[in-house]
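Numbering of ligands and ligand atoms starts at 1, following listing order.
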Amino acid sequence: MRHLLTTLALATSLTPPGEALAQTRFDGVWLFDDAGPNPGVTMLQVASEGTRITGAVTTEWYGPVTMQNARLDKGVLTFEVRNLNDREHPTRTWRVRSTPKGVQLEGQMWFSKIDASGRRGTVKQAEARAFRFQTLPAWAEVEQLPLAPTPPMGWSSWNKFAEKIDDATIRAMADAMVSTGLRDAGYLYVNIDDGWQGTRGPDGKIRANAKFPDMKALADYVHSKGLKIGIYSSQGPRTCAGFEGSYGHVQQDAQTFADWGFDYLKYDLCSGEYFYADADTVKRSYAEMGAALRATGRPIIFSLCEYGRFDVGAWGRQVGGQLWRTTGDITDDYKTMAQIGFDKNGKPEYAGPNGFNDPDMLEVGNGGMSLDEYTTHMTLWAMSAAPLLMGHDLRQTPPAMLALLENREVIAVDQDSKGIQGKAVRKEGKLEIWSKALADGSVALALFNRGDASARMEARAADAGFAAITAARDLWRAAPVAPDVLTFDVPAHGAVMLRVQGA
Ligand code: GLA
């Protein structure tokens with residue numbers, strides 16, 4: 001009796017009263033010819049048996065997306081799918097309608113709306129379109145190379161140009177890195193982020209798109225300027241901007257990047273999160289690429305980008321990584337920058353020579369923040385031993401921004417050989433005092449005013465772990481200050497940065 005009741009309850013929950021229980025008109029294979037944007041639907045497969053409808057939507061980005069709780073609702077096949085890591089919408093409802101020509105699929109994945117029409121296909125066609133799952137290698141630690149004794153410095157294309165990049169722009173950035181003096185200030189890497197990829201050749205080898213006619217020549221050019229060059233990929237089938245990812249081609253892509261002459265790889269989880277959704281698989285997916293990079297024999301910095309999930313700082317080194325993103329994407333506004341830099345960056349104990357928490361690239365020079373706010377941005381990143389990857393158009397750096405980016409004494413704090421990530425030692429409402437111990441025994445102190453009005457702030461010897469401060473320099477003013485009165489009016493959203501000696 002109990003069993004019968006359960007079965008009945010189940011049947012009711014699956015199929016609203018009055019709807020057919022036999023085979024549905026949706027059963028079978030449906031082909032989508034124009035895969036379209038995210039998630040790139042290629043096929044729908046449906047099977048029903050009694051009250052149960054099962055099926056999957058095959059996508060280019062995420063492979064087969066399984067139907068959950070599939071049911072007929074007024075003749076419409078309705079089901080839920082897992083919606084990436086969107087906490088607000090962990091699942092989305094998708095619907096399939098019958099049309100004179102076949103079916104119409106409507107739904108949403110992440111930010112992307114789906115409205116695609118499919119036609120009937122055969123089992124053979126389904127086999128041809130079937131997604132080829134890849135097996136991750138078993139966990140094995142990757143030997144980490146000491147390629148980043150201090151946090152990497154350079155430039156990356158994403159913040160300013162997004163996917164609107166080409167060979168000429170990258171060369172121009174390399175030129176500007178030299179002519180502005182930024183290279184000589186320590187900025188070394190010219191990193192191509194998402195948007196360089198084309199399609200794969202018949203041999204499976206990734207090719208750049210038409211905007212990058214010759215990657216090797218581009219790398220040679222950047223090297224000829226005394227700079228290094230970086231590239232970008234994902235362990236998923238698609239990158240975050242929808243370009244070809246390394247799924248199924250990890251070793252081959254690592255070799256291609258090495259052959260082209262790249263020195264740095266940012267490896268971004270993106271669509272890979274549909275396949276690698278827990279700590280074990282995410283870790284192994286990074287170890288797979290880490291090992292592939294090592295196998296090329298070329299020293300390539302490995303930058304992990306999985307937005308700080310699964311306590312990445314605890315294992316970033318074990319997969320061969322030298323830096324790992326700890327947060328979601330930065331945008332060019334004070335609120336986001338401050339949230340990321342003050343509140344969300346990874347634990348200081350994970351940072352040290354050859355392994356750094358990465359609160360994302362710089363926005364200095366992109367125009368969305370005031371000079372005081374950009375001063376906070378630069379101070380905070382330097383205090384955090386964060387990678388300093390500029391993200392603006394280097395040909396158009398306003399002098400005030402160049403002064404922020406090129407301040408040698410501030411850079412020296414970021415690049416200090418001890419590799420210590422500074423942290424807040426005192427917080428009073430919206431005011432924060434940060435401290436970072438330096439290799440020569442001196443200490444960097446930062447006074448941050450996160451409030452909306454100017455505030456008087458004082459640096460104390462105890463903030464630096466000293467009984468008394470014997471000498472102090474104001475790094476932004478590039479001037480010594482009297483060590484006995486370290487009181488400053490710090491503007492709203494602004495910062496003062498000091499280097500102090502003490503006893
Ligand atoms: C993600 C990363 C960004 C950038 C874009 C490119 O959002 O976090 O830094 O690389 O992808 O699509």
Option among Lys205, Arg207, Arg200 that satisfies the salt bridge (Lys or Arg N to Asp or Glu O under 4.0 Å) test with Glu244 | Arg200

For ligand 1, indicate whether the residue Cys305 contacts it via side chain, backbone, both or neither (heavy-atom separation under 4.0 Å).
-> side chain

Close approach of Thr239 to ligand 1, heavy atoms, under 4.0 angstrom = no

Going by the order shown, which atoms of ligand 1 are within less than 4.0 Å of some heavy atom of Asp193?
-> 4 (C), 6 (C), 10 (O)

Which atoms of ligand 1 are found less than 4.0 Å from any heavy atom of Tyr232?
-> 6 (C), 10 (O), 11 (O), 12 (O)

From CA spacing to verdict: ring-ring contact (aromatic ring centres under 6.0 Å, His included), Tyr232, Tyr264 = CA-CA 8 Å; Tyr232 168 99; Tyr264 183 118; over 10 Å; no

Per-atom contacts, ligand 1 versus Ala241 - under 4.0 Å to a heavy atom = 12 (O)

Can you tell me which residue and heavy atom of the protein come closest to atom 12 (O) of ligand 1, and the distance to 0.1 Å?
-> Asp194 OD2, 2.8 Å

Tyr307, any N or O under 3.5 Å of ligand 1 N or O | no

Counting from 1 in the order shown, the ligand 1 atoms closer than 4.0 Å to a non-hydrogen atom of Lys266 are 3 (C), 4 (C), 9 (O), 10 (O)

Answer yes or no: does atom NZ of Lys423 have more than 12 heavy-atom neighbours from other residues, nucleotides or ligands under 6.0 Å?
-> no

N/O to N/O below 3.5 Å, does that happen between Trp158 and ligand 1?
-> no

Touching ligand 1 at all, Arg325? Heavy atoms, strictly under 4.0 Å?
-> yes

For Thr256 and Asp259, test the side chains for any donor-to-acceptor distance below 3.5 angstrom and give the result as yes or no.
-> no

Arg294 with Glu143: basic N within carboxylate O range, under 4.0 Å | yes

Cationic tip of Arg82 within the cone over Tyr274's six-membered ring, i.e. under 6.0 Å and within 45° of the normal?
-> yes

Report the nearest protein non-hydrogen atom to atom 7 (O) of ligand 1: residue, atom name, distance rounded to 0.1 Å.
-> Asp329 OD2, 2.6 Å

Closest to atom 1 (C) of ligand 1 among protein heavy atoms sits Asp268 OD2, 3.0 Å

Tell me, please, whether Tyr307 has Arg325 positioned over its six-membered ring: NZ or CZ under 6.0 Å from the ring centre and within 45 degrees of its axis?
-> no

In terms of heavy-atom contacts, does CG of Asp33 have more than 12 from other residues, nucleotides or ligands at under 6.0 Å?
-> yes

